[in-house]
Structure formats: structure tokens, C-alpha cells
Amino acid sequence: MKVFALASTLAIAALACAPCSAEETVQPGESKARAICGKVTALPKSVAGVICGVTVGVPVKIARSVAHETLRMRTQLTDDLGGDQPDMGAKVIGSYLAMPYGVAAGFIKGAVQGTERGIECGHRKPFSKESMSLSDPN
């Protein structure tokens, strides 16, 4: 089962990194052999970048999303329960109710966004901070 999961992950990563066009472009001043060598090494580098981006990026994005969603829901519940000046009871109830929501929503959101970001940025910029969700724009 583990071998099948690893093989399917590698196949998906290889398909995600495959070039979209069959055009051969050679930069001015670059030999044809060097251009072909660059294309040959680009695929394994992209595949490794996608695998690394997904492996590191998904747990990082899940942790950040869980914290963000829990805090967002706690703030919203505390404001809804307590009004302008929430008392201790509203804060306690808001915190207890926000934790399960934040964990569930943050886990799902982080897994989806981390995978998406790992594949997209891991292919475009292998082994970068963006592919591993270490530098987040949001």
C-alpha cells in the first residue's frame, strides 16, 4: 500500500511538472546541447521541488491555518456573545466553541492550500520558500 501511494505521488508530481508546450527555444548565445541538457535536468528538479514543497508546505500551512481560523472564530464568537464589552463568560464560551471549529476548518483549508501551493510554486520555483509555504502573502 505504501509503495502504491509513493508511486502515485511520484506519477502525479511528474505529470504536474511536464512541459506544456513542445516548442524548442534556444536562448541567444546558448548551444543546442546546453539547452537540451537544461530541459532534461528541469523535469527531475521540478518533481523534487514539488515533492519537497508538498512534504514541508502542507504541515506548515495546516499549522498556520488552524491558528488563524481558531483566532478568527474566537473573536467572532466573543463579539457576538458579549457585544461591545465582552465579559469573561463570553470569552470562555467563545474560546471553547472556537477550538473545534478552528482545528477542523484549519486542517482542511491548510491541507488544500498547502498542496496547491506546493505543486504550483514547487514546479515554478523548486525548493523556494514560497513552495514550502514559509513565506506567505496572506
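These figures come from a predicted structure and were not determined experimentally.
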Legend entry - In one Ile/Leu/Val/Met/Phe/Trp/Tyr side-chain cluster, 4.5 Å: Ile62, Ile119: yes
Legend entry - Test item: Ser128 side-chain N/O and Lys125 main-chain N/O as donor-acceptor pair under 3.5 Å: yes
Inset, instruction - Give, for atom CE of Met88 and atom OG1 of Thr78, the distance between the pair rounded to the nearest 0.5 Å. - result: 11.0 Å
Inset, instruction - Go through the structure and list residues passing side chain to side chain donor-acceptor pair (under 3.5 Å) with Thr115, not counting sequence neighbours. - result: none
Legend entry - Contact list for residues 81-90, test side chain to side chain donor-acceptor pair (under 3.5 Å), sequence neighbours left out: none
Inset, instruction - Kindly write out the residues that satisfy side chain to side chain contact (heavy atoms under 4.5 Å, CB included) with Cys121, not counting sequence neighbours, or none if the list is empty. - result: Arg117, Arg124, Glu130, Ser131
Legend entry - Under 4.5 Å side-chain linkage, directly or through intermediates, the cluster mates of Val112: none
Inset, instruction - Starting at CZ of Arg64, measure out to CD of Gln113 and round the result to the nearest 0.5 Å. - result: 11.5 Å
Tabulate below the donor-acceptor pairs under 3.5 Å that side-chain atoms of residues 94-110 make, not counting sequence neighbours, or state none.
unit_1: Ser95; atom_1: OG; unit_2: Lys91; atom_2: O; d: 2.9
unit_1: Tyr101; atom_1: OH; unit_2: Arg72; atom_2: NH2; d: 3.0
unit_1: Lys109; atom_1: NZ; unit_2: Glu69; atom_2: OE2; d: 3.1

Legend entry - Sequence neighbours excluded - salt bridge (Lys or Arg N to Asp or Glu O under 4.0 Å) pairs with any residue from residues 40-51: none
Legend entry - Side-chain heavy atoms of Ile93 within contact of Leu81, under 4.5 Å: yes
Inset, instruction - Please report the shortest heavy-atom distance between Gly49 and Pro126, naming the atom on each side. - result: CA-CB, 3.9 Å
